[in-house]
S.K.: 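Take a look at this one; I'll ask things after.
Numbered from 1 within each chain, the chains take letters A, B, ... in sequence-line order. Only heavy atoms go into these numbers, but all of them, side chains included; no hydrogens, no water, no symmetry mates. A quick note: this is a predicted structure, and the numbers were derived from the prediction, not measured.
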Protein chains: 2
Amino acid sequence: MATDDDNVRARMARSAVVLFGERGFSATGLRDVVAHSDTPRGSIYHHFPSGKAELARAAVDRAGLDAAASVAGDDPVVALHACLEAWRATLEASDFHAGSALVAVAVEPREQTGAAEATAQAYTRWADAFTASLRAAGVRRKKAGRLATLAVAAIEGAVVLCRARRDTSALDDVGRELEAAIKATPRR
Amino acid sequence: MATDDDNVRARMARSAVVLFGERGFSATGLRDVVAHSDTPRGSIYHHFPSGKAELARAAVDRAGLDAAASVAGDDPVVALHACLEAWRATLEASDFHAGSALVAVAVEPREQTGAAEATAQAYTRWADAFTASLRAAGVRRKKAGRLATLAVAAIEGAVVLCRARRDTSALDDVGRELEAAIKATPRR
DNA sequence: GTCTATACGAAGATAGAC
DNA sequence: GTCTATCTTCGTATAGAC
């Protein structure tokens, strides 16, 4: 069976999401990931044969799916606040050590992370999920796509600002203004 | 005189802004900064006695002042587009290698960069400059502050998305929706 | 002020035993 | 599958000549 296998691999990827978010890609060692995930030390190259780049791709895929899931649903205002609340809770619980693994991978050179394609796809997935929520609420297609991009960009940026300032006010501000922008949008 | 001195120091800081943006903080070596700025190799610890952290603070200060300057003026829509156009040009000219030095420093641990305070201040300076522009256009104080935070967060996030996707559409979308949000805001 | 040389630690990756 | 040991490279930082 590949079940145990996948569990170890998945736990390593999950830890990479957390640690990349907290420390950045280059500053996170494979030793850190093994320690954080409490997985067998000698097996990281078994689960990720091509090394750190492959781990980065798995982490980014995981983060993208989670982000997309966080904005699922038919009501975009509800979806928005669900996503924002999740980030607020994560930031506060970690004393503002947490951060976005997607940003962490995206700010480093493509050649170094080997996960550039995966990062682009993760952002697209996330934005598409929010676009779907806006569409379900009757927002026309192109407008929904633009609003979703604004929301994703603003949320990622707000997390960076919150970390830097050690407070959640940026998420509050972004949430309030994005909600206003969504509510001001004409529906079919 | 301290003029030559300051020039060397300033050039190193400028190069750090570029390289941190392109490669991230940890992935940028002091050797890279010296090479990029074409400054004397042996003198980095003369100009930055406490090392990389001090360089990071200088770079972040520089980036914060530049960002604030890019949104100066009495018309917030003009200021917004000036800032967006500057980023678009930088991203395209660098074939999407460029990025925000502020984000690069902000995503790494405070203890490692030694520039956390400076980063928070840089974001505050930038947001305050945009708040002033909105205030000059008659937007009431608290609303102006929230809109400015949204704009800063969305721009920083959009640069990350543009880099990841290797296209400027995120900046386009963010620009259009932020402009709409500003124009929809009641004035005194 | 600027240089070279180097100390020191940590990173990713690999080899080969079990 | 997992382990330990190790190779190799590269980072920051420092010492001390000039």
S.K.: Would you kindly give the CZ-to-P distance between A:Arg41 and C:dA13, to the nearest whole Å?
M.R.: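 Taking CZ of A:Arg41 and P of C:dA13, I get 19 Å after rounding.
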
S.K.: OP1 or OP2 of C:dG1 less than 4.0 angstrom from a side-chain nitrogen or oxygen of B:His46, does that happen here?
M.R.: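 It does, given that an N or O in the side chain of B:His46 lies less than 4.0 Å from OP1 or OP2 of C:dG1.
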
S.K.: Which comes earlier along DNA chain C counting from the 5' end, the contact point of A:Ala27 or that of A:Pro49, where each point is its nearest nucleotide?
M.R.: A:Ala27

S.K.: Check whether A:Phe48 and A:Val18 end up in the same hydrophobic cluster, where Ile, Leu, Val, Met, Phe, Trp and Tyr are linked by side-chain heavy atoms less than 4.5 Å apart.
M.R.: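 No, it is not one cluster - the side chains of A:Phe48 and A:Val18 are not joined through contacts under 4.5 Å.
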
S.K.: Regarding A:Asp167 and A:Arg88, does a basic nitrogen lie under 4.0 Å from an acidic carboxylate oxygen?
M.R.: no

S.K.: Examine A:Lys52 relative to A:Tyr45 and say whether NZ or CZ is less than 6.0 Å from the centre of the six-membered ring and inside a 45° cone about the ring axis.
M.R.: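 No; the conditions do not both hold, so A:Lys52 does not lie above the ring face of A:Tyr45.
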
S.K.: Quick one: is C:dT2 close enough that its OP1 or OP2 comes under 4.0 Å of any side-chain N or O from B:Ser43?
M.R.: yes

S.K.: Give a yes or no on whether a donor-acceptor pair under 3.5 Å exists between the nucleobase atoms of C:dG12, that is its base, and the side chain of A:Arg31.
M.R.: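 Yes.
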
S.K.: Once rounded to the nearest 0.5 Å, what's the spacing between atom CZ of B:Arg146 and atom CZ of B:Arg140?
M.R.: 5.5 Å

S.K.: Provide, to the nearest angstrom, the distance between the OH atom belonging to A:Tyr45 and the P atom belonging to C:dA13.
M.R.: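 So the two atoms are 3 Å apart, to the nearest Å.
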
S.K.: Nearest whole angstrom, please: distance from the C1' of D:dG11 to the CG of B:Leu19.
M.R.: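 These atoms are roughly 15 Å apart.
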
S.K.: Please report the distance, rounded to the nearest Å, between CZ in A:Phe25 and C1' in D:dG11.
M.R.: 16 Å

S.K.: Provide, to the nearest angstrom, the distance between the CD atom belonging to A:Glu108 and the C1' atom belonging to C:dA11.
M.R.: 13 Å

S.K.: Take the protein atom CZ of B:Arg23 and the nucleotide atom C1' of D:dG11, then report the distance between them rounded to whole Å.
M.R.: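 Spelled out: CZ on B:Arg23 to C1' on D:dG11 is 14 Å.
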
S.K.: Using the side-chain contact (heavy atoms from CB on, under 4.5 Å) rule, take A:Glu156 and A:Val160 through it: C-alpha gap first, then chi angles, then the decisive distance, then the call.
M.R.: CA-CA 7 Å; A:Glu156 290 286 79; A:Val160 171; over 6 Å; no

S.K.: Examine C:dT2: is either OP1 or OP2 under 4.0 Å from a nitrogen or oxygen in the side chain of B:His47? Give yes or no.
M.R.: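 Result: yes.
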
S.K.: In whole angstrom, what separates A:Ile44's CD1 from D:dT4's P?
M.R.: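 After rounding, the gap between these two atoms is 15 Å.
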
S.K.: Can you check the B:Glu54 CD to D:dT12 C1' distance for me, whole Å?
M.R.: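 Rounded to whole Å, this separation is 14 Å.
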
S.K.: Nearest nucleotide by nearest heavy atom, which residue falls closer to the 5' end of DNA chain D, A:Thr39 or B:Leu30?
M.R.: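 The residue mapped nearer the 5' terminus is A:Thr39.
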
S.K.: Out of D:dA13, C:dT14, C:dT2, which has the shortest distance to the side chain of B:Pro40?
M.R.: C:dT2

